[in-house]
Amino acid sequence: MARSPLKIVLTVLVLMVAWMMLTLRTDIDGLVQEIIAGALIALALGIFLSGILPDAGEGNPVKRILMFFVFLLIFFKEMILANIDVAFRVLHPKMPIKPGIVEVKPGMKSDMGKMILANSITLTPGTLSMDYIDDSLFIHWISVEDDPEEAMKPLDKAVKEVFP
Amino acid sequence: MMERTTFHRSLPAIALALLFAATLFVAFVEVDFGEPRIEEELPVNYQPGEEIDTENITTPGLRYLANSSEETGSANLVTAVVVNYRGFDTLGEVTILFLAATGVGALLSFIKDDDEKKKKKILPPSLILNKGARLVLPLIILFGVYVFLHGHLSPGGGFQGGVIIASGMLLFYIAEPTKGASHKVISIIESTAGLAFIGLGIVGLMTASKIFLANDFAGDWGEVGMLVSAGLLPLIYIAIGFKVGSEMTGLVEKMRGDGS
Amino acid sequence: MIAINVIIGMVLIIIGLSFQVLGALGLIRLPDVYNRLQAATKSITLGAISIAIGVGVMDPTLLTKAILVAVFLLITNPISSHAIARGAYRSGVPLWKGSVVDKYGPALERKEREVKE
Amino acid sequence: MNGLALVFYGGILLLIAVGIWGILSRRNLIKVIMAITIIATGVNLLLVSVGYISGRAAPIVGGDTGIDASSTTGSVVDPIPQALVLTAIVIGLATTALALVAAVGYYRKTGSLELKSWSYGLTNEKEVKK
Amino acid sequence: MTPDPVLLIVIPLLAAFLTPLVALGSKKFARYVPLIGVLAMGVVSLLLLKDLIEVQPRTYGAYNTIESTTGGFQPPFGISLIVTPLGGLITFGMIMVALYVLVTSIQKKEDDKGPWFEMMAMMATAGAVGMVITGDLFNMFVFLEITSISGTILAALPRGNGEKGLNWKGAAGYAVISALASFLILAAIALLYGATSTLNIAQMAERVGSIDTFVAGTALLLMIIGFGIEAEIFPLNGWAPEVYRGSRWGTSTIFSGIIGKAGLIAMLKVVTVILAPALEGNIAMDILLWGGVITFIVGEAAAFTSKDLYRLWGFSSIGMFGLILAAFSLGGENGIYAAVLIMIGHLISKPVLFSLTGAMRHKDRDLPLSVLDGLMGKSRVTAFLFIGAALMLLGMPPSPIFWGKYFLFSGAGGESNWLLVGLLIVGTLLEAGYIGKLLWRVLPKKEEAKAFKLPITTTVMALIAVALGVLLGAVPGLLQDIIDLVVLEFGGAIIILAGVI
């Protein structure tokens, strides 16, 4: 949980963007006031709270930010597929389900990566992450296949690129 | 069997409660729902936007509507009422919360003493919840700050913002049962914010009007609708935000410490 | 003439609502807590995001706030359903009898024994 | 009186009646505290509905409501009850927190949550033993 | 120089916010912060009282008031504080009771882990003062809550080691019942606001004449139940004996001398100024009168049968509240004189009795009457103070209560209200019965008595109080000026009443 300068800068930037999204307005005077206030608050919060943020791993920041958008694309595609999948299972008269809890070993080391992976798994077809025990992720799967690792591959890889 | 006896015992209670509610209902029927009762002093056929003579208005609600923007500089009239017209009430309200938080801490210290502490060894908190809470905590606090800083412009204010911050801290406490802000820091923020509120009130006693909690700078700083406007109002709401945030956090923190 | 953004917004809201309905249906039809959470989480998250964005599109001044709401939902919804699932499992809610495999139970027991010692 | 008033006042006063019934007939402290919070909710709703004016906007100038500062009169609701409710909610919260702490203390000392004996001092009843 | 009445509220709030800060540094020193706060309040209220009698030019009506507005808006748009003669007098009396409690408990044995008792005692006083002097109905509710929340905390602080948990029982009961009271009052405020669209008490009094009788009657019912709970009026006082029995003597003193009194004055203010004019005839005042008399009889009867000393004093306080309420609602010159004098006598004698009782035992047990056996042999000073205060409470001359009862009987007799006179005699006889019983026990007994030492602060403060009581009882003319002003104040309210009829 080191407080590297880069981390503080990124935190402040993200908070600043969030502040501007909350307070966006059209008149210049008001906008300037909001920007100044937002900068001060984001700076203070970033310095105080960047220590508690989860560890995001090491790597080239520019590349990681680009990969983040790639991950988002994959993620949204999977999420929409997931919903169609749910619709299919729920509306199907026989309810084709074969549930169970399986174990996978994700490839990334950083806490942030593990958390994001678990969250995205919850939102992708047929899966719900239950818990991490000693680096292995337990997933409730609505129709268990033979090799869970194989099915997780694309998401795991995308997340690992961003948060190694 | 049990159910039956309780039901019999509570029959008089039901009757009394219904009688009470019926009395209140008949009384409230006189207070027509949805009627513009505060506008009795307006001229007949009044249209919104028309000039009115505020000198002759004696109903507080109506006069606040007519004059609030000039007098307090606040775009949110509820905030104008809470912090300015009825600021004294709000001071009392903050004190009540302060007393409750202090009292809960003081009383729990008596309860805890008599308790043999049985610390059960439990599994560490889930990694996903823990890291997720850490990730969203700055965002929640930012949102809380946004709400209390814009109390004079949009719905919300010091109380709401403070409660949002405290709920963020509650999330953090759930995710990290053993860590958290220290008692001392919370207590210092709490007291300082309270003193700041009274200090802002005393500013009124010092400046032009010589009246406690007067907002003498209402028109001087900024126009209505700007972040910097409404004189001392946002400053008071910032103090309230800090105070409520720290008090609610303290309340949660103290109750958590008891383990019951 | 209805503006184009209003139509898009309406469509998004309708899509969101239909996903919400599907989620609710899943909540009723599926057999146990974990399966129900699966359906509920996915549909409710996407449905809510879709409604939020739809509102943002209809009234562009709210768009940035709507996006912020969507981001918040994306982070917090899966976390909370994970917490419910974990809590349910640890307080002894059984899996559906048609479940084929449960690797979590043994691992959890092993871990608890480790912690106690 | 119109139908809306019936729904509002009737529902709210039913809420208050439920709370009063709870206080009168329950002896368990936690249930009594729950009844108190129900009454608090009812009274707060009552206060808000007293200030409501049908068809009017929230009392905020500019921004999302788009109401001009000069034409608030006649187009927004009465702001005073909303301010009062803010205070009343906080007070209800403080009261509940303290009552709960007292209940916890009582439970720890006597092992019971029953408020059995309000004797007016005419009898010296025995305390519940732990 | 007239101080701003708002200082009466601002000073304790400042002290309260400072106390935890100081406690972080030194817990011992933090206990003095509330004491200093109350002392400053006492000075302010003394100056106000002095101005009420002498300096302040007459602003409106026939009597003096000192007003203060907050927030920079004139009433009814801002919240104002109005110190009337009765308010000024009661404010001063309540602050003196708080001072007595705080000074006396400096040498205390309870382990508090912090200055919480002192802080809450001060805040209860501040809330009570606010209730008495505020000119705004909702503001009164806020102060009522400050009082009842600090009252709950005070009631829950254990006596000694708190082994039987009586304190929690009393506190839990009080918390629940006072919450119910405050929400009933809030409902009444909602009703009155809906009917008059204002919260300022004076403005509401002007407008209330035109509202529906049923609305006014319901508001009256809610207000009497709500404030009656705080003022321990029968049958709304089920919580009170438990609080008196389980808490410390300081808490009991504050409940009987400050919180209950404030509830009583607030009820009188609301009923006489706002609600009585809206109802026909004298209904509102009659309800209060008979409620007060019944409370007096029930309270004294319960005290007569009580076997626990703390509870006995609690019931006797309840009886006194009834008597004061009855005297106020009887009205007229005699009634007001009686009410003010009885109130002063009660404010002086009860703290002495509670503090002496508290010094006898600190543990969390019931205190049987037998602790008094042979007190004369154990400690002469304690016994004399005890006898003095008890006789003063009963109304043995020289005592303000003697004069109070004299005026009360002449008032009731003057209106040929013989039922009232009879009931008052019954109550007084009951009172004489239990006080005689106690005094009989105090007399020296043959059995060997263990020496008993009274803490020095208690001795000094009790001596001062008893001396003051004797002085005021012997020369009641000292109070003439202020009571005349109170009579004018209530005469004003009655004139409004007559105007509507």
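- When heavy atoms are compared at a cutoff of 4.5 Å, B:Ile198 approaches chain E solely by way of its side chain, counted from C-beta outward.
- Only the side chain of E:Leu184 comes within less than 4.5 Å of a heavy atom of chain B; its backbone N, CA, C and O stay farther away.
- Near-neighbour residues of residues 7-20 of chain E relative to chain B, defined by a heavy atom under 4.5 Å from a heavy atom of that chain, comprise E:Ile9, E:Val10, E:Leu13, E:Leu14, E:Ala16, E:Phe17, E:Leu18, E:Pro20.
- With a 6.0 Å radius and a threshold of 12 heavy atoms from other residues, nucleotides or ligands, B:Phe148 has its CZ atom above the threshold.
- Partners of B:Glu247 under the salt bridge (Lys or Arg N to Asp or Glu O under 4.0 Å) rule, at least two apart in sequence or in another chain, are B:Lys243.
- Distance check: E:Phe77 CZ to B:Tyr64 OH gives 7.5 Å after rounding to the nearest 0.5 Å.
- Taken to the nearest 0.5 Å, the CH2 atom of E:Trp168 stands 4.5 Å off from the CG atom of B:Leu107.
- Looking at E:Asn139, the atoms closer than 4.5 Å to chain B (heavy atoms on both sides) sit in the backbone and in the side chain alike.
- Counting heavy atoms of neighbouring residues, nucleotides and ligands inside a 6.0 Å radius, atom CZ of E:Phe29 does not exceed 12 of them.
- The nearest pair of heavy atoms linking B:Val31 to E:Ala195 is CG2-N, 4.2 Å.
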Please set out all donor-acceptor pairs under 3.5 angstrom arising from side-chain atoms of residues 91-104 of chain B, sequence neighbours excluded.
residue, atom, partner, partner atom, Å
B:Glu93, OE1, D:Thr87, OG1, 3.2
B:Thr95, OG1, B:Leu91, O, 2.6
B:Thr102, OG1, B:Phe98, O, 2.6

Which donor-acceptor pairs under 3.5 Å do the side chains of residues 12-30 of chain B make with protein atoms, sequence neighbours left out?
residue, atom, partner, partner atom, Å
B:Thr23, OG1, B:Leu19, O, 2.7

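- Proximity to chain B (any heavy atom under 4.5 Å) is shown, for E:Asn200, by neither the backbone nor the side chain.
- In this structure, OG1 in E:Thr134 is found 7.0 Å from CZ in B:Phe88, a value given to the nearest 0.5 Å.
- Heavy-atom distances place the side chain of E:Tyr193, and not its backbone, under 4.5 Å from chain B.
- For chain B, no part of E:Leu154 is nearby; none of its heavy atoms comes within less than 4.5 Å.
- Taking chain B as the reference chain and counting heavy-atom pairs below 4.5 Å, the highest number among E:Thr198, E:Val215, E:Ile149, E:Asp212 is found for E:Asp212.
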